[in-house]
Amino acid sequence: MRIAYFFLGAFLAIAQSAYAEVASPPALAPLKRQAQAAELSAQFLSRYSYKPVPLDDALSARIMDGFIKSLDPDRMLFLQADIDGFMSDRSEIDDAIEERDLKIPFAIFKAYQQRVVDRMNYARNLLKQDFDFSAQEDYSVLRDKAPWPQSEAESNDLWRKRVKSDWLRLKLGGQNDAAIRETLDKRYENTLERAYKFKSDDVFQSFMDAYATSIDPHTDYFGTAASADFNVSMKLSLFGIGAVLQERDDYTTIRELVPGGPAQLSGKLSVGDRITGVGQGKDGAIKDVVGTRLDEVVQMIRGKKGSVVRLDILPADAGADATHRVISLVRDKISLDKQAARKAVLSVKAGDVTRKIGIITLPVFYEDFEAKRKGDKDYKSASRDVAKLLGELSQEKVDSVLIDLRNNGGGSLDEAIDLTGLFIGDGPVVQQRGSDGKVEVRSSELAAPVWTGPMGVLINRGSASASEIFAAAIQDYGRGVIVGEPSFGKGTVQTVVDLDRIVRNSKPEFGELKVTIAQFFRVNGGTTQLHGVTPDISLPGLSDPASFGETSYDNALPWTQIKPAKYTAADTVTTLLPTLQSRHDARVESDPDFQRLIKDIADLKAQREKGVVSLNETERRKEATAREKRFKDRAKAGDGEDLGDDGLEAGERSLSADIAIENARKNAKDVLLDEAAAILADQADLQEGVLKAAIKQTGNTNGK
């Protein structure tokens, strides 16, 4: 954590003229409990991590670099002089944590806030002028490794190009100059306002994030608010009113009503309604929340089951002076079903037969740890839900099952093991090596598999951790075909440590640590660390391995291997792979949707490697025209509608327009899923042929 504040006083004095016209953001200071939490975290992380890293000058430097990067990842805010000043304390963070003195990170954050204020006011002033879009100049969109501006003049030119780029996007999207000025002024004003809404806990959370990830990429710190959100993500439930909220123009706006929740059942709320006040209980005072941060409003609305919350509502599309209404709702348990396992059935032609492929999409390996610990027989569990869905698919007589784990970042290790058991029955699933070097084999104890038919797993770069354990086990056993792109490459195990429980604190103050405690290995002895799971049949992907995945971290653990576990693998899938691959190649070669996807990916890669966009209107219109032609060709082919690029960001369109775009994307043709289903249809077709041949051979043998 950064404790350098002496140089900042001088720096801000020198730079004061740049900020003279605007009030400085409120000064944030570290709290005693934060300093205690930092020291307690340091004691734990330096002793009990899988690969303990001492809190010394070397780690101090990494923490400093990580913290600055988190604040200014595109190097658009700080000047080189700021960075030079910060570096004078680069090796002091270890001493600062041990001395419970967090002045350094808070001083740096103060400078960050002031830079945001200065840059946003400068950007808003630029809107008063016109831009020359006939000039030949570019704007760099990849600045994470670019040098920081050397002077205020250089920073001004950088922001001139940034604003010009924003303006040109909106102009190409069809807006006139007046509308563009209004849109961008509001955009920059919103960013400016956020600089005044930061709180001490935000600074501390950012700093501790930098500290934790300096140990290894998957060690995390959760403050009390982040800890609550993490628990909700694993339980897939919370106690509240059942409304998805969004911040729009200082109003907390209802984006969606959860079916069956108190808000929806009451009939008193509609999408687009704005919450202007929140009161606790039947007669508690209603607190005005206009302009209040969304996370704070959410915490006010959540509460104990059966308790009452009162909301002051400004109806959707009503003016600010319109009549409000106050409603009362009784909080209840809300299930976050969108993150739960769900199924669908696709009919796919394979040869002369139409095959039914059951698709189970699993966004996360969830498990309600607390309910399980209390002995609740109906606790929320990914593997339990999938087992139920498999039973339903069996009743529907599907020929094969595809588990879609794209962008599933993991979750409960136990759930990954139990899910594997649904397809292999009893047997080793993963090997786990602790910091002491001892290896434990973790096995499924399910007496028999729930699904014995053909199956496969669809993965992408966003499939990590528990997803990789499951996919690797299915691959090692030869149980199913793995389709997609190489997975994330996270081969480590974390546990959550409650810091308050360690020191026997009666109230939550210090937060939690998610600490890496072990490395997991496949049953074949290899690891998914760095390499990920390599698919049996590869599909193209949109991600950039250089910036997303384990290989993008400079402090990731290396790949290694141990002895294989004792398990029995089948060779069914291996035998079928050459035929599956040839059928796949032939099919996608003549599939226009698939070929368009490949072209899109190539274009995206080219743009990514280029790293700049032209600020010349003529050139950009040529690019836009070519893009629109591609979209129109797709629309004619029935492959979705043209969403285009209107230059607007989330929350800048009307709510109905945002929802329409979201639904259009959700309903767009999923080319990769369709092809994965076709591969599984081929697999079912081939395995049925093998089975018939075996039965015939057995019959002939018996006949002899």
Side-chain angles (χ1 to χ4, degrees), residues 217-220 222 225-238 240 242 244 256 258 333-344 359-373 376 378-390 401-423 429-430 442 444 457-474 482 484-485 487-496 512 514 516 520 528 532-533 543 548-550 662 666 670 672-673 676:
H218 307 293
T219 291
D220 291 306
F222 300 139
S227 175
D229 289 340
F230 175 75
N231 290 332
V232 166
S233 71
M234 294 308 296
K235 293 178 180 179
L236 290 196
S237 67
L238 55 85
V244 178
E256 181 183 338
V258 178
K333 184 175 183 178
I334 307 300
S335 295
L336 307 179
D337 292 332
K338 281 192 173 182
Q339 289 297 304
R342 60 185 183 274
K343 71 175 175 68
I359 311 292
I360 294 180
T361 302
L362 185 64
V364 66
F365 283 81
Y366 50 89
E367 180 182 49
D368 190 338
F369 300 116
E370 183 180 355
K372 181 180 180 180
R373 191 164 48 241
D376 183 349
D378 297 320
Y379 70 89
K380 197 68 175 174
S381 156
S383 60
R384 287 182 170 199
D385 288 349
V386 171
K388 180 181 177 183
L389 296 178
L390 287 172
V401 170
L402 175 68
I403 306 297
D404 185 355
L405 296 181
R406 287 176 297 174
N407 301 317
N408 180 321
S412 167
L413 173 61
D414 287 344
E415 287 300 311
I417 293 170
D418 291 345
L419 188 72
T420 306
L422 299 179
F423 299 94
V429 173
V430 64
R442 301 289 303 277
S444 161
V457 186
L458 178 57
I459 58 174
N460 66 2
R461 191 69 171 173
S463 306
S465 195
S467 293
E468 295 176 290
I469 289 173
F470 173 74
I474 294 299
I482 311 300
E485 59 179 322
S487 59
F488 191 91
K490 177 183 177 292
T492 53
V493 181
Q494 286 73 38
T495 191
V496 176
E512 297 177 331
K514 182 157 73 74
T516 299
F520 69 75
T528 61
V533 176
S543 60
F548 183 56
E550 196 76 7
E662 183 179 299
K666 189 186 304 181
D670 192 337
L672 298 179
L673 180 65

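Note that the structure is predicted; figures quoted are calculated from it, not measured. If you read the sequence from its start, that first residue is 1, and numbering goes on from there.
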Do the non-hydrogen side-chain atoms of [X] and [Y] ever get within less than 4.5 Å of each other?
X: Val496; Y: Phe369; answer: no
X: Ile469; Y: Phe365; answer: no
X: Val430; Y: Arg442; answer: yes
X: Gln339; Y: Ser233; answer: no
X: Lys343; Y: Leu390; answer: no

Compare every heavy atom of [Y] with every heavy atom of [X], then report the nearest pair and how far apart it is.
X: Ala472; Y: Thr528; answer: CB-CG2, 4.3 Å
X: Gly489; Y: Glu468; answer: N-OE2, 2.6 Å
X: Phe488; Y: Ala464; answer: CB-CB, 3.5 Å
X: Ala466; Y: Ser412; answer: CB-O, 4.0 Å
X: Ser227; Y: Glu512; answer: OG-OE1, 2.6 Å
X: Leu405; Y: Ser463; answer: O-OG, 2.7 Å

Side-chain donor/acceptor of [X] to backbone N/O of [Y], under 3.5 Å:
X: Arg406; Y: Ile459; value: no
X: Asn408; Y: Leu362; value: yes
X: Arg461; Y: Phe548; value: yes
X: Tyr379; Y: Arg373; value: no
X: Lys333; Y: Ser335; value: no
X: Asn407; Y: Asn460; value: no
X: Ser444; Y: Thr420; value: no
X: Glu550; Y: Gly532; value: no

Separation between [atom1] of [X] and [atom2] of [Y], rounded to the nearest 0.5 Å:
X: Ile417; Y: Leu422; atom1: CD1; atom2: CG; answer: 12.5 Å
X: Leu236; Y: Leu336; atom1: CG; atom2: CG; answer: 6.0 Å
X: Leu419; Y: Phe470; atom1: CG; atom2: CZ; answer: 4.5 Å
X: Lys235; Y: Glu370; atom1: NZ; atom2: CD; answer: 4.0 Å
X: Gln494; Y: Leu413; atom1: CD; atom2: CG; answer: 10.5 Å
X: Glu367; Y: Arg384; atom1: CD; atom2: CZ; answer: 9.0 Å

Dump the intermediate steps for salt bridge (Lys or Arg N to Asp or Glu O under 4.0 Å) on Asp368 and Lys380, then the final yes or no. CA-CA 5 Å; Asp368 190 338; Lys380 197 68 175 174; over 6 Å; no
Parallel, tilted or perpendicular: rings of Phe222 and Phe230 (30°, 60°): parallel
Taking NZ, NE, NH1 and NH2 as the nitrogens, is one of them in Arg342 or Asp337 under 4.0 Å from a carboxylate oxygen of the other? no
Cationic N near anionic O, under 4.0 Å, Lys372 to Glu415: no
Among Ile482, Ile359, Leu673, the one residue meeting side-chain contact (heavy atoms from CB on, under 4.5 Å) with Leu458: Leu673
